[in-house]
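These numbers come from a predicted model, not from an experiment. Start at 1 with the first residue, then count along the sequence.
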Amino acid sequence: MLAFAFSILSTNAQTKSLAWEKSYRGSATKINDVVHTKLDVQFDYNRSWMYGKEWITLKPHFYPTDSLTLDAKGMDIKEVAMMKGADKTPLQYTYDSLQLKITLDKQYFADEKYTLYISYTSRPNDQKAKGSAAITDAKGLYFINPKGEEKDKPTQIWTQGETECNSVWMPTIDKPDQKSTEEIYMTVPAKYVTLSNGLLISQKTNTDGTRTDYWRMDLPHAPYLFFMGVGDYTIVKDKYKDKEVNYYVEPQYASVARRIFGNTPEMIGFYEKILGVPYQWPKYSQIVGRDFVSGAMENTTATLHQESAYQNDRQLTDGNIWEEVIAHELFHHWFGDLVTTESWSNITVNESFADYSEYLWDQYKYGDDVAGEHGREDMEGYLKNTDAAKKDLVRFYYSDKEDVFDVVSYNKGGCILNMLRNYVGDSAFYKSLNLYLTTNKFKTGEADQLRLAFEEVTGEDLNWFWNQWYYGSGHPVLDISYGYDVATKNAYVYVKQTQQSTNPFKLPIAIDVYSGGSKIRQKVWLKNFSDTFTFHQNTVPDLINVDADKILLCQKTDNKTDANYVFQYKNAPNYLDRYEALDYFDSKSMPELALGLTDKFAGLRLLTITKLTAQKSSPDQKVIDAIAKMTTTEKDKKTKAAAISFLVKTGDPKYLDIYTKNVTDSSYTVAGGALEGLTKLQPDKAYDLAKKYSADAKGALGDAVTSVLIKNAKDEDFDIVADHYNNLPPGQDKYDMTSTFCDYLSKAKDTEKIKKEIDNIISFSQAIPSQYRVFTDKKIKASLDKIGSAKGQDIKDYINSNFKFVASAQ
């Protein structure tokens, strides 16, 4: 699963000491094992209900039992019976709206299978359960626009099982340590297509305008990975070797589906090669769902993506923003689906691997610099959340199972795998993963099983690594300084660990010493709160590069000189070497920052321009001229757009031709930057162009168009502005725009339209996960109050009666 797209989720939440801190969260005790699940379902679109019949086959795990408890949330249970051939024998049961407790017809022994029949109605909208940072809702089965009442939104059905939500629509033992094969008969309006796990075996056209599709999965997988999808989709067919690889998209995106998802077959081949484990499943399909409550979900053979995956040709000109998500969910089909975490406490064996798979794909497909940038962003995402440093990666104590889907399980876990790979080497790393997967396939795994696989391959006791990184919390905070003794001709490196911890971290690293045109490498261990390393050098080294591979997950103060950093930028090989140097030049306002304008990697050229744009003083004219030249020579669209935005900040009219030429660029980002330039120099023309381009304005161009229209504040533009806001996916961009949109609404005249948009803003605010609404509610409410202040008591009352603060946010 990929987390819901909010960078505000990195806000540091303060957790009080509560009783759950003493409640151990192990794996679920197995009394019965689910063996096979057969479902026959029909959907009631008017009520948003599902009518289900289930034949569930189980067996005692080990000890004899005469009872069974199934998770079945918010259902109407019609019938529970024991199947003996075709005959049904009613069984006694009790039901409390969450669990179905059944008295079996006799005592069953280990490996003695029995099959129950259950008739029920699923009412998902009656289910009340909180989501998480990764999943914003938890009702399992979702009817999207079921009556077709929402304009421009298709009617769809999709399910979301993780963590334990599929028991809203099918009685099961809804725990990750269960594995079941599966059959589903789905009866739907004949105009729709369906998707589920496994293969589509048959389709039967019914006389009432419906069709029954029969899907079957013959390999066992966890209940939370079961999936149903229904809607008006075009199926774009692809393949990997002899296996189906299909993309389910709304018809208007069929022409770009391969540009969005088309690297999937190559990804499968790449992951098979490095893991030495073939893709085990009978097909791989991907589907995009409207209003999805997460980023994406790795349902076995049927991954579900949120609608942010949709991009048109112009958006894709800037690069596919969803490619790493596609890689992430696919890799789960090894780590998560093939071998599944035995408990939510061990979610690292699912999510840390999926997170790291994005790095691996970037490195293979696009090179070390792209992977390095991804790794830095991952690490920063963890480090800026100070509350995360208090949490173990393997977490046996938590308030709610949803809490483990955070920057520790994802970002930190991915960084830890990168350190482990660097320490043991690529060959041992991938052989260990192969051993873990082949030993535990179609079963469950935990962090210690992963450790045992690495120990068997490497022959080394790795408890020290697991204890500090998997079963411990926090990270090293390093202070690095240097010295040179002319008399002894020794160079010294002093490394202090300054984090608040009982024991220092044990850190194997490489140190590169550059001197006289040569480089020597020494591998060392940081083992103490204070370590000193000595290198005999005839002269003061040009650079001593600590953690030369740049793999440590840490915070550091590196006391290099200006000259050291200049040398590092020009000579050290890694992305982070150059990034750190550029960041240092920026912090010191050094002219050497301009070195980044010619970096080999577009990401660092973009970073350099962004930093130069943010500086208070203008750089040398030669630098400005170089950036102006980049508007014609730069191939990377985002970097070219940044160059245009830099020129806009100068306010110099001589760049008008650049803006005029680029406002029609195929890239929304480039066109958006150019429109900003025209807004400064020719505001009337910019307004006319904003109106002209509003029908096809997404991303930066959409923001620029909306900014121009908001600035002019004309009622005739209301629908354009509102549509842009409402069409933004739920995430940081929409959150950031909310205040500006509220300013615009405070100047609008149509009361009914204003109220409608207030409703949309409130709906967005309430979709943010509750643990973060403690922070976001106050800001959004303050923005809404500006509308009330401008429009009077009626609007004030309307806002106050509809906006509900999350608990403790007031």
Side-chain angles (χ1 to χ4, degrees), residues 3-4 6-26 130-135 163 341 343-352 355-356 377-420 446-448 463-479 496-507 526 529 552-557 768-776 806-809:
F4 199 58
F6 272 98
S7 60
I8 53 172
L9 300 188
S10 296
T11 309
N12 300 324
Q14 298 302 315
T15 306
K16 297 178 180 178
S17 179
L18 298 170
W20 60 259
E21 294 180 335
K22 298 181 180 179
S23 180
Y24 179 81
R25 308 279 189 171
K130 84 180 188 74
S132 68
I135 318 159
T163 47
T341 180
S343 69
W344 304 119
S345 296
N346 270 278
I347 195 64
T348 178
V349 298
N350 289 17
E351 294 302 345
S352 300
D355 181 276
Y356 189 49
E377 291 170 350
D378 237 16
M379 183 165 65
E380 289 179 354
Y382 161 74
L383 290 176
K384 69 183 180 182
N385 187 325
T386 56
D387 194 53
K390 305 171 187 175
K391 300 174 182 177
D392 296 348
L393 181 57
V394 177
R395 214 168 315 160
F396 291 110
Y397 298 90
Y398 52 77
S399 175
D400 189 279
K401 56 187 175 296
E402 307 295 339
D403 297 345
V404 301
F405 294 87
D406 60 9
V407 294
V408 178
S409 298
Y410 289 74
N411 304 44
K412 183 181 183 181
C415 293
I416 289 169
L417 289 170
N418 195 39
M419 289 189 291
L420 181 60
E446 59 172 297
D448 264 335
N463 275 291
W464 65 269
F465 188 94
W466 258 254
N467 287 341
Q468 72 181 11
W469 289 118
Y470 281 86
Y471 301 111
S473 61
H475 53 270
V477 180
L478 306 180
D479 184 276
K496 294 181 179 179
Q497 296 191 37
T498 63
Q499 71 275 358
Q500 298 297 312
S501 61
T502 303
N503 298 308
F505 280 82
K506 186 177 179 181
L507 305 170
L526 305 181
F529 280 113
L552 280 186
L553 172 61
C554 67
Q555 290 173 289
K556 67 179 179 181
T557 301
I768 297 172
S770 59
Q771 59 267 51
Y772 303 103
R773 285 181 57 196
V774 171
F775 308 97
T776 61
V806 72
S808 78

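Side chains of L478 and Q497 form a contact here, defined as non-hydrogen atoms less than 4.5 Å apart. Between Q468 and L507, the closest side-chain pair of non-hydrogen atoms falls below 4.5 Å. In this structure, Y471 and N463 have side chains that are not in contact, with every pair of non-hydrogen atoms separated by 4.5 Å or more.
Shown here for Y470 and A447, the closest heavy-atom pair between the two residues is CD2-CB, 3.9 Å. Counting all heavy atoms, side chain and backbone alike, S399 lies closest to D403 at CB-OD2, 3.4 Å. Pairing each heavy atom of L417 with each of S352, the nearest pair is CD1-O, 3.5 Å. Taking all atoms of both residues into account, the shortest heavy-atom contact from P476 to F505 is N-CE1, 3.6 Å. Shortest non-hydrogen contact noted between L393 and W469 is CB-O, 3.5 Å. For the pair M379 and L552, the tightest heavy-atom approach, listed with the atom from each and the gap, is SD-O, 3.5 Å.
Side-chain contact check for E446 and S343: no donor-acceptor pair (N or O, by modelled atom type) lies under 3.5 Å. Between the side chains of Q499 and H475, no donor N or O sits under 3.5 Å from an acceptor N or O.
Every residue meeting the side-chain contact (heavy atoms from CB on, under 4.5 Å) condition with V404, not counting sequence neighbours, appears here in chain and number order: W344, I347, R395, Y398, S409. Residues meeting the side-chain contact (heavy atoms from CB on, under 4.5 Å) test with S473, sequence neighbours left out: D392. Residues passing the ring-ring contact (aromatic ring centres under 6.0 Å, His included) test with F396 are Y24, sequence neighbours excluded. Residues satisfying the side chain to side chain donor-acceptor pair (under 3.5 Å) test with N418, not counting sequence neighbours, are Y356. Partners of K556 under the salt bridge (Lys or Arg N to Asp or Glu O under 4.0 Å) rule, at least two apart in sequence or in another chain, are E580. The salt bridge (Lys or Arg N to Asp or Glu O under 4.0 Å) check on D479 picks up nothing, with sequence neighbours excluded.
A 6.0 Å sphere centred on CD of Q500 holds no more than 12 heavy atoms belonging to other residues, nucleotides or ligands.
Remark: side-chain polar atoms of R25 are not paired, donor with acceptor, to backbone N or O of D400 under 3.5 angstrom. Not a single donor-acceptor pair under 3.5 Å links the side chain of T163 to the backbone N or O of E402. Judged by distance alone, with hydrogens and angles left aside, the side-chain atoms of E351 form no donor-acceptor pair with the main-chain N or O of F405 at under 3.5 Å.
Of the candidates K401, K412, K391, K391 is the only one forming a salt bridge (charged side-chain N to carboxylate O under 4.0 Å, His left out) with D406.
From C415, atom SG reaches atom CG of L383 across 7.5 Å, with rounding to the nearest 0.5 Å. Between the CZ atom in F529 and the NZ atom in K496 there is a gap of 13.0 Å [rounded to 0.5 Å]. Atoms CG and CD1, from D355 and I416 in turn, are 10.5 Å apart once rounded to the nearest 0.5 Å.
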